[in-house]
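This report refers to the structure that appears directly beneath it.
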Amino acid sequence: MRHSNETETEVFRYEPFEDAKHDLGCQELEMHASQNNSRLLKLFLKVNFSHPLGFAAKARQFTDHFVHVCVDTTADDFVCGVISTGVKDVWLHGEVVRVAYLFDLRVHEAYQRRGIGARLSKIAEELVVSAGATLMYLTVNGNNEKAKALYRKLGYEIASVRRPGVALLHPVPSTDPLVPFELIEDRERARALIASAFDRVDNTPLDLEPILSSPSYEGTLYTRLQDPNTGVISEAGLSLWNASRGSSLEFERVILPASLWRNPAVQLAFFFAWLCGVLYWLSLAFTLYSSGARLLLCGWILVTLGTTLWVFPMTVFLFQLIASNLTPADRSIPNESKLRGRLFAPWQRGPRGPEFLRNLVNHSMRIQRQSGYALNVVNVDAKTSLAPYLPKSRFTTFFMQRALSESDTSSSSSLQRFDPDAFHDPRDI
């Protein structure tokens with residue numbers, strides 16, 4: 001790629017996204033945006049997003065959406081930047097507000113610090129303001145200091161500290177008792193339940209139809225029981241979402257590059273290494289038995305049982321997870337594996353509500369595991385009252401927000417943060 005000393009206006013052109021012109025370039029740009037920001041860890045692990053249905057598929061989940069790109073006119077219109085936004089009407093602090101969600105802001109590493117990100121953000125704000133939005137918000141990883149600094153410079157402030165719960169759906173059975181439930185696939189009934197549970201709650205869309213009519217929506221789990229003695233009703237609900245349909249995680253490097261993991265010679269070498277380890281393990285047992293070290297032999301048997309019952313299945317699960325999500329050699333073949341199942345709209349009421357919600361989470365893990373998912377994710381505020389009943393994580397992200405106006409002020413006055421129990425739209429990454 002060639003960089004010239006020409007002015008930005010002469011070098012870069014900003015234009016609306018078109019599938020035929022920009023999809024491949026945006027997909028390649030996304031591949032450069034590693035989801036791991038640690039330089040040391042990048043040497044061993046690099047994870048990227050891919051878009052099986054096309055780069056703009058996520059934006060098109062919103063009725064009103066915009067995708068804009070920046071191309072380098074001196075390098076055959078190379079796509080060096082892109083930004084996406086979705087516009088919707090939601091409840092916020094007791095009022096109906098038209099908001100815009102900003103996502104997939106990407107600038108190629110070779111073009112950073114040239115004002116492209118700021119210019120794309122300004123264009124996106126102008127577009128969503130023209131669509132009636134008065135507030136913009138976005139997600140940024142807690143360890144992405146570069147992105148946070150950019151957004152603070154653009155006038156964004158913290159709206160919510162997120163603590164996305166993540167659970168590996170490995171085949172280890174839960175010991176929690178399961179409460180009967182139903183999987184609601186009638187979208188009108190599901191809409192009525194969710195609308196009632198999240199009535200006037202922050203970030204709840206006025207129109208839930210685009211979410212519930214999406215192919216990514218996989219039903220709502222619901223439990224409701226009435227105490228025969230007191231007549232008090234307890235209930236809980238939780239909805240399922242295919243988070244891999246519009247964007248999927250791919251492993252470009254796990255110690256070795258993906259291309260080497262696909263190499264038969266490397267696979268054979270790892271198989272022989274594993275076989276040698278098993279033979280050494282058995283020889284150790286024979287040595288202990290021959291020497292009469294009964295106590296040590298008992299310890300060896302316990303370790304072997306633990307390895308066989310838990311460590312080995314977990315290792316196999318992780319290898320299968322990585323192998324099915326390696327960056328493909330042929331980018332024209334979409335990765336259709338199910339990696340991430342998302343939970344959204346968790347709620348509970350009544351004295352047994354917490355118990356019901358915890359059990360619905362367990363049910364959801366079984367359902368998603370049987371459907372082929374490897375991960376279960378639920379995005380909630382760090383201070384949500386539902387935290388004890390949901391998957392845990394130490395990973396932190398932020399929702400950042402900025403008030404919009406026709407005058408385009410460079411900074412917003414202090415904005416009220418989202419309620420900790422706000423609705424999380426599954427279309428918001």
Inset, instruction - May I ask you to decide if Lys58's main-chain N or O and Gln61's side chain share a donor-acceptor pair within less than 3.5 Å? - result: yes
Inset, instruction - Tell me, please, whether Phe62 has Arg427 positioned over its six-membered ring: NZ or CZ under 6.0 Å from the ring centre and within 45 degrees of its axis? - result: yes
Inset, instruction - Report the distance from atom CD1 of Ile184 to atom CG of Leu240, rounding to the nearest 0.5 Å. - result: 11.0 Å
Inset, instruction - Could you tell me whether the side chain of Ile211 reaches within less than 4.5 Å of the side chain of Trp241, counting heavy atoms only? - result: yes
Inset, instruction - Taking the six-membered ring for Trp and the single ring otherwise, decide whether the centroids of Phe356 and Phe181 are under 6.0 Å apart. - result: no
Legend entry - Partners meeting side-chain hydrogen bond (donor to acceptor under 3.5 Å, both in side chains) with Thr63 (sequence neighbours left out): none
Legend entry - Phe17, Phe55, Phe66 screened by side chain to side chain contact (heavy atoms under 4.5 Å, CB included) with Ser84, the one that passes: Phe55
Legend entry - side chain to side chain contact (heavy atoms under 4.5 Å, CB included) assessment of Leu343 paired with Asn376: CA-CA 7 Å; Leu343 308 181; Asn376 173 299; 3.3 Å; yes
Inset, instruction - Could you tell me whether the side chain of Ser234 and the main chain of Arg352 form a donor-acceptor pair under 3.5 Å? - result: yes
Inset, instruction - May I ask you to check whether over 12 heavy atoms, not counting those of Lys392, lie within 6.0 Å of atom NZ? - result: yes
Legend entry - Under 3.5 Å side-chain donor-acceptor pair for Tyr111 and Asp72: yes
Legend entry - Qualifying residues under side-chain hydrogen bond (donor to acceptor under 3.5 Å, both in side chains), relative to Asp419, sequence neighbours excluded: none
Inset, instruction - Indicate whether the side chain of Arg417 and that of Ser160 have a donor and an acceptor atom separated by less than 3.5 Å. - result: no
Inset, instruction - Give a yes-or-no answer on whether the side chains of Glu218 and Tyr373 include a donor-acceptor pair shorter than 3.5 Å. - result: yes
Legend entry - Nearest heavy atoms of Ala190 and Tyr217, plus distance in Å: CB-OH, 3.3 Å
Inset, instruction - Could I get the full list of side-chain hydrogen bond (donor to acceptor under 3.5 Å, both in side chains) partners for Tyr222, not counting sequence neighbours? - result: Glu235
Legend entry - Ion pair Arg152/Glu145, N-O distance below 4.0 Å: no
Legend entry - Pairing of Lys383 and Asp381 as salt bridge, 4.0 angstrom limit: no
Legend entry - Electrostatic pair Asp77:Arg13 at N-O distance under 4.0 angstrom: yes
Inset, instruction - Grab the two heavy atoms, one from Val201 and one from Asp421, that are nearest each other, plus how far apart they are. - result: CG1-O, 3.5 Å
Inset, instruction - Write down the atom of Ala236, the atom of Gly353, and the distance for their closest heavy-atom approach. - result: CB-O, 3.9 Å
Inset, instruction - Any chance you could measure Thr85, atom OG1, to Ile123, atom CD1, to the nearest 0.5 Å? - result: 11.0 Å
Legend entry - Check: Glu15/His22 side-chain N/O donor and acceptor closer than 3.5 Å: yes
Legend entry - Salt bridge present between Lys88 and Asp428 (N-O < 4.0 angstrom): yes
Legend entry - For the student: nearest non-hydrogen atoms of Leu127 and His68, plus distance: CD1-ND1, 3.9 Å
Inset, instruction - Would you kindly check if the NZ (Lys) or CZ (Arg) of Arg402 is within the cone defined by 45 degrees around the ring axis of Tyr137 and under 6.0 Å from the six-membered ring centre? - result: no
Inset, instruction - Taking atom types as modelled, find out whether Thr139 and Thr397 have a side-chain donor-acceptor pair closer than 3.5 angstrom. - result: no
Inset, instruction - Could you grab the distance from atom CD1 of Ile83 to atom OG of Ser121, nearest 0.5 Å is fine? - result: 4.0 Å
Inset, instruction - Return yes if some donor-acceptor pair links the side-chain N/O of Arg340 with the main-chain N/O of Ala243 below 3.5 Å, else return no. - result: yes
Inset, instruction - Give a yes or no on whether a salt bridge exists between Arg191 and Glu188, defined as a side-chain N under 4.0 angstrom from a carboxylate O. - result: yes
Legend entry - Presence of salt bridge, Glu209 and Arg187, under 4.0 angstrom: no
Inset, instruction - Could you tell me whether Arg358 and Glu355 make a salt bridge, using a distance below 4.0 angstrom between a side-chain N and a carboxylate O? - result: no
